[in-house]
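These notes concern the structure reproduced below.
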Amino acid sequence: MHLTIAASQSPEDTELCILRNDWNSVPVLSGDIIHLEGACNSGSWIINGESGYLILYPDLLISGTTVSNSIRCMRKAVLSEKFRSCESGSRQMLVGTVLHEIFQQAITNNLAAEKVQELAFKIVYGPKYLKELYHLNLKQEEIMQEIEGYFPSFSKWAEDYMCKPSQDNQSKMQLKLSSGGKKDLSCNIEITQVLDIEENIWSPRFGLKGKLDVTVGVKIHHSSGTQYKIMPLELKTGKESNSIEHRSQVILYTLLSQERRMDPEAGLLLYLKTGNMHTVPGNRLDRRELIKLRNQLASYLVHNVCKSAMGNKQTQLASLPPVINDSQACKYCSQMHNCVLYSRAVEQQMDDIIIPSAMIPVIDRETQHLKLSHLQYFNLWYLMLTLELQAGEGKKGYKNIWMMPASEREKSGDCIGNMIRMEQVQEVSDGQYLHYFQHKSGALPGTNLLVGDRVVVSGEEKTLLGLAAGYVKEVNMTKVSCLLDRNLSKLPKNTIFRLDHEEGGFGIDVPLGNLSKLMENSSASEKLRSLIIDFRKPQFIQHLSSVLPPEAKETVANILKGLNKPQKQAMKQVLLSKDYTLIVGMPGTGKTTTICALVRILYACGFNVLLTSFTHTAVDNILLKLARFKVGFLRLGRVQKVHPDIQKFTEEEICRCKSIKSVIHLEELYNSQPVIATTCMGVNHPIFARKRFDFCIVDEASQISQPVCLGPLFCSQKFVLVGDHQQLPPLVQNAEARDLGMSESLFKRLEQNKNAVVQLTVQYRMNSKIMSLSNKLVYEGKLECGSEKVSKATVNLPDLKKLNLKLELFTGSSETWLKEVLEPNNSVCFLNTEKVPAPECVEKGGVSNVMEAKLVVFLTSLFIKAGCKPSDIGIISPYRHQLKIITDLMTGSYVNKVEVNTVDKYQGRDKSIIVVSFVRNNTDDNIGTLLKDWRRLNVALTRAKHKLIMLGCVPSLCCYPPLEKLLCHLNSEALIFNLPAGTHERVFQCNLL
DNA sequence: ACTCTGCTTAGAGGA
């Protein structure tokens, strides 16, 4: 096969690459990116059996284990990459992990029998593995007992291979390195140095990544002489199989090692059960076959969708590697469920799929519990998630770490280069090392890096890629501190580092895992399938008396006293539900209060509750309120992301304070509270593998995509979704996925079952004039004010008179609109910028409107002058760019305490005064999609309590149907004020006040 | 046609 290749974009600079022997099976297509290893002679490369490698999509790093697992079944290897969360651990795996750690620590410190015993005790009875032990329902004693059997082999191995071993102890080691003597195979191996533990290597050269158990310095004594090599040492705790898979893993590590140092030419494979060690030469032949395997894997992982043949250009899911014909291997396969599911739901819809005949009955049997509707649901959501993942991958900069120099990446704020390590590295807890970094030249460059962000630490030198990963603990003007997973203190003092912000790296793991779980043959999944996919009518019981325990009646009655009518109705509906309830929380109707009351009532009735939402903020919002009552709760999730006042309720903090070190105590903690709170993504926590809940409450459910929302529902009898589909839906980036319906939340989907819906209509936020806008446009008049006080409330501007006098002095009577805008009784006004003029500016990545921004800042400053607290004012706009301009205008002035944010971010929040900048202003039909969404407009209109001021160009905005409706209404109410031409010029003068 | 939040993520072993 001949390839025309180019190292640059210019078409003249081409070379020829000839693929010989079976290299021509590489699934390479025109336009693909490849990396070549080998020699180039006068513009042509020859890759054949003897020399050269072709690496397909080298920037896709595939792990060593994934490649070696693909030897037996490539389909499984691909599925395991996609359905990561479906790979649940086992007792043997945990034993393996623990033994790895013991050996790794022992080999670096001391392999003496009593020291190993001591170390093992410390590790097994320490806090590190408690969660996994709980997950598997194992006792620490069991693990201890099992691992003790390995220790004699540790000593045996140490005697055989460390500290000048005698020849006779070793059972005939054989190893020949190309760089060594002639036919001298038998040798004696001596480990002289332990250089690293769990060394993390990313190799964009071979398209591989991996973590090396141990990196050792080895002396190879042949009769003809001695050689020294730095080699990977791979540990295995299972049967001494010396299998192809194990050996392949080591061979791949010999490739990875080349990223950091000379070719080791071989690696070592140590079976800890027996203490026997095998040499694994990194032969050209084996390396070549493994790289070809990796290329195939890469091709499958990259091409996960294809355009349908039907000419309608619709994207559809691509087929996976074929099903293998080995029912024995499939019997125990951890991906069996996903394998047959994909075959039935996706591949059997295609024409050209061949399945080994022996496997057909297996696939049928394993999927017989699924109806066509279920398979279609799986297919559609898998496709949409895949499309959306691709949209995200375009932006995420994980490969930028090696593709872009730090200096260039710094410009986007996602990287800081030229860093040096300072002070000591502190081991905060096991596997967490606190590092301090300082810029070589003193001050840090501007950066987006925030506390709690994920970072990857690399050396600026190419050989030190991906040294460690962790979280930012602190950033200030001169230094950054990070909690990293590896201790970097052994590197030379003058090593120069770069810290890269790891964005987006998170895939579609959780939603895909949930989707897979929904298709399982279990009663919980079956119930959810019938409710969610087949729209089975939710059931309700008749009488409260059967759920309400007599002893709880008084408490419940007391809680109900504090609620309004629709809220009470919601409580009743939830208690009566057998399946689910949907609570529509219209703006300002006290969703948080309602959820809080609901939790208290459920607790009083003796139920346990799982409380979730998509974001940490939403979860903590409820907990902040709940903390005032006598309902105990446990908050799961990373402390850094949790609200400071809630941190003391997190698992991590409690475990730290009580220094919990036994599974029994951990289990006690998990069972101690009636309420568990976490984000929807947190459902992979071990607690959910064992605990069941009576109710699950999901807040902001209308903003969560279906497969994500599904997660917490599996471990609960009944669920309550709280949301408002008239507000913003889940964010979907990929247009095709959006068109296929990906932004439909579970809340929206289930809302068609009217009998499950309760609406909260009494609101306490907006005064009647502001409320009436969204009441007219969206809620069909259902909203009502909670009280006369709410209805009549206006903004408090103590210094308004003084300000008005000053304004008159400066502007005379020319700006009458100004007085109207400031007047507290004018709760709603729209300022038409048509005549000003205030044109928009469309740049790549955003839309903005400087003139509008200036007006916004001017108005804001007037309100502050009139005596309004900056924290009572909010500025919102649909466009991020506009916010940036507004913020920049305000920096350094007294206005800068005002919160400026997007409409999307303001959902769920409110302020006394809200200023909305609509931005759009052009004469051509250039229309964005943001303003076409009436839900976004609804959110914008319902954030203000007392005063809502909108700015925009009326004729331009009339292109957007939702805004046209709004403007028409405002016009009929005479709430639109036309700004006279040249307003801005006079505005500048006023700004000098 | 620009709205953004979730995440320890390579390997632990079994047939």
Side-chain angles (χ1 to χ4, degrees), chain A residues 61-66 68-69 72 80-81 84-85 87 89-101 129 132 198 200-202 208-213 234-239 241 243 245-246 249 273 326 328-334 392 395 431-432 454 469-471 483-485 502-511 613-618 637-638 641 678-684 700 703-705 708 711 728-733 735 743 842-848 877-881 883 901-905 907 926-933 935-936 939:
Chain A
L61 307 187
I62 301 181
S63 81
T65 41
T66 300
S68 54
N69 280 334
R72 197 172 275 253
S80 315
E81 282 284 300
R84 280 230 180 77
S85 53
E87 303 268 330
S90 67
R91 176 202 175 99
Q92 286 83 353
M93 284 179 179
L94 181 57
V95 167
T97 311
V98 173
L99 277 166
H100 268 72
E101 182 168 352
Y129 297 102
E132 277 169 88
E198 291 286 311
N200 184 55
I201 305 181
W202 291 348
L208 293 168
K209 62 183 167 188
K211 286 185 195 288
L212 276 49
D213 281 340
E234 172 64 18
L235 310 174
K236 294 288 169 197
T237 51
K239 275 191 190 149
S241 63
S243 64
E245 281 88 349
H246 289 173
Q249 210 179 328
K273 201 173 242 171
D326 183 350
Q328 200 53 34
C330 298
K331 211 157 131 190
Y332 301 98
C333 178
S334 55
K395 286 189 206 158
Q432 294 217 300
R454 289 267 312 166
Y471 300 96
L483 274 172
L484 302 177
D485 60 349
E502 192 189 72
E503 336 102 281
F506 169 72
I508 49 170
D509 255 40
V510 172
S613 183
F614 188 55
T615 62
H616 290 288
T617 331
R638 275 192 44 230
K641 295 278 180 182
T678 187
T679 59
C680 287
M681 299 297 228
V683 292
N684 279 332
E700 295 190 351
Q703 285 198 91
I704 310 175
S705 80
V708 173
L728 286 162
L731 185 83
V732 179
Q733 295 173 77
S743 59
V842 183
E843 294 163 292
K844 69 160 202 289
V847 192
S848 58
S877 172
Y879 301 94
R880 233 185 211 284
H881 254 213
L883 303 178
N901 239 323
T902 53
V903 180
D904 299 54
K905 278 224 171 190
Q907 178 149 333
N926 187 4
I927 278 187
T929 52
L930 287 192
L931 289 173
K932 281 187 195 158
D933 198 327
R935 292 167 294 197
R936 186 166 280 111
V939 171

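In what follows, chains are A, B, ... by sequence order, proteins preceding strands, each numbered from 1. FYI, side chains are in, hydrogens and waters are out, and symmetry mates aren't considered; it's all heavy atoms of this structure.
For Lys236(A), whose side chain is taken as the heavy atoms from C-beta onward, the closest listed nucleotide among dC2(B), dG11(B), dG6(B) is dG11(B). Checked against dC4(B), dG11(B), dA12(B), the side chain of Asp213(A) finds its nearest nucleotide in dA12(B). Listed nucleotides dG6(B), dG13(B), dC4(B) differ in distance to Asp904(A); the shortest reach to its side chain belongs to dC4(B). The nucleotide whose nearest atom lies closest to any side-chain atom of Tyr879(A) is, among dG6(B), dA15(B), dT3(B), dT3(B). In this structure, of dT9(B), dA1(B), dG14(B), it is dG14(B) that holds the atom nearest to the side chain of Gln92(A). In the set dG6(B), dG14(B), dA12(B), the nucleotide with an atom closest to the side chain of Thr237(A) is dA12(B). Minimum atom distance to the side chain of Arg880(A) is reached by dT3(B), of the listed dG13(B), dG11(B), dT3(B). Picking from dT5(B), dT3(B), dA12(B) the nucleotide with the shortest atom distance to the side chain of Glu234(A) gives dA12(B). In this structure, the nucleotide among dC2(B), dG13(B), dG6(B) sitting nearest to the side chain of Val847(A) is dC2(B).
Gln249(A) comes within 4.0 angstrom of the backbone, heavy atoms only, and of no base. Gly64(A) comes within 4.0 angstrom of the backbone, heavy atoms only, and of no base. Among the heavy atoms of the strands lying under 4.0 Å from Leu731(A) is at least one base atom, whether or not backbone atoms are also near. Counting any heavy atom pair closer than 4.0 Å across all strands shown, His881(A) reaches no nucleic acid atom. Heavy atoms of Thr679(A) sit under 4.0 angstrom from primed sugar atoms or phosphate atoms, though from no base atom.
Looking at heavy atoms from C-beta onward, Glu234(A) lies out of side-chain contact with His246(A) at the 4.5 angstrom threshold.
Rounding to the nearest 0.5 Å gives a distance of 7.5 Å between CG of Asp213(A) and CD of Gln249(A).
No hydrogens or angles were tested; on distance alone, nothing pairs the side chain of Arg454(A) with the base of dT8(B) as donor and acceptor under 3.5 Å.
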